[in-house]
Asker: 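First the structure, which I've put down as structure tokens, then a few questions once you've had a look.
We use all heavy atoms of the structure for the numbers below, so side chains are in, but hydrogens, waters and symmetry mates are not.
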Amino acid sequence: RLATRWGYAQLVGAVAVSNLLFSSFGVAVLIAGGPGGALAGALLITGAIVNAVMTTASSRELFLAGLIPQIVCFAFLPGVTLGHGAGALTASQLAFGALLNLIAAVMAWRLFAGVLAGEDRARAEAEAANTAKSDFLATVSHEIRTPLNGVLGMAQAMSAADLPRSSASLESRITSRRSRCSGGRSA
């Protein structure tokens with residue numbers, strides 16, 4: 001169990017580092033490109049957020065590991081934009097857009113995680129229903145075969161005995177129907 005937790009911790013760390021590296025490209029584009037680069041940088045970071053939402057819906061820890069680096073990078077965007085000569089309006093628009101982007105990411109992740117959880121529940125219910133159906137069919141099959149085997153056994157015993165004509169006729173009807181039902185095989 002410790003090895004599993006350690007492996008999961010490594011996975012969370014790898015997600016955080018890879019998302020931080022991807023977001024750093026957005027910051028680098030922002031720094032190199034001035035106000036136009038701010039838009040390109042914000043789009044790169046937004047792409048990383050969309051990736052975090054889509055790939056980590058089954059784990060809150062993985063989602064946060066993918067989202068926190070984007071939050072850090074978005075926090076730097078307004079200041080970097082101001083430092084490159086953009087006005088306060090541009091920087092505040094960028095900050096507001098980043099905030100909306102992060103809120104939308106959290107809402108989308110919650111929705112996506114809920115859909116996946118619903119699918120898991122539906123799959124478990126379908127598997128339980130399939131098991132119940134199989135159990136029912138096995139029970140019904142057994143309950144039908146048991147008395148039928150008794151009737152057929154008695155018919156075989158009747159065929160071996162000296163019986164009056166009316167009883168022999170009954171036995172031949174039972175065994176001939178048995179032959180038709182079993183495709184000509186006799187048990």
Asker: Which residues satisfy the side-chain contact (heavy atoms from CB on, under 4.5 Å) test with Asp135, sequence neighbours excluded?
Answerer: Thr131

Asker: Which heavy atom in Pro69 sits nearest to a heavy atom in Ala16, and how many Å separate them?
Answerer: CG-O, 3.5 Å

Asker: Got a second to check how far Leu67's CG is from Arg60's CZ, nearest 0.5 Å?
Answerer: 12.5 Å

Asker: Mind checking the CG-CD1 spacing from Leu64 to Ile71? Nearest 0.5 Å is all I need.
Answerer: 8.0 Å

Asker: State which residues pass side-chain contact (heavy atoms from CB on, under 4.5 Å) with Arg123; sequence neighbours excluded, sorted by chain then number.
Answerer: Asp120, Glu127

Asker: Among Asn101, Val106, Leu99, exactly one meets side-chain contact (heavy atoms from CB on, under 4.5 Å) together with Ile103. Which residue is that?
Answerer: Leu99

Asker: Give me the other members of the hydrophobic cluster that Phe136 sits in, counting Ile, Leu, Val, Met, Phe, Trp and Tyr linked by side-chain heavy atoms under 4.5 Å, directly or via other members.
Answerer: Leu137, Val140, Ile144

Asker: Each residue besides Leu21 in its hydrophobic cluster should be listed here, by chain and number; the cluster joins Ile, Leu, Val, Met, Phe, Trp and Tyr at side-chain heavy-atom distances under 4.5 Å.
Answerer: Val17

Asker: Between Asn130 and Lys133, is any pair of side-chain heavy atoms under 4.5 Å apart?
Answerer: yes

Asker: Suppose we screen for side-chain contact (heavy atoms from CB on, under 4.5 Å). Which residues come up paired with Glu119, at least two apart in sequence or across chains?
Answerer: Val115, Leu116

Asker: Can you run down the ring pair (Phe, Tyr, Trp, His ring centres under 6.0 Å) pairs that involve residues 43-67, sequence neighbours left out, and say none if there aren't any?
Answerer: Phe63-Trp109

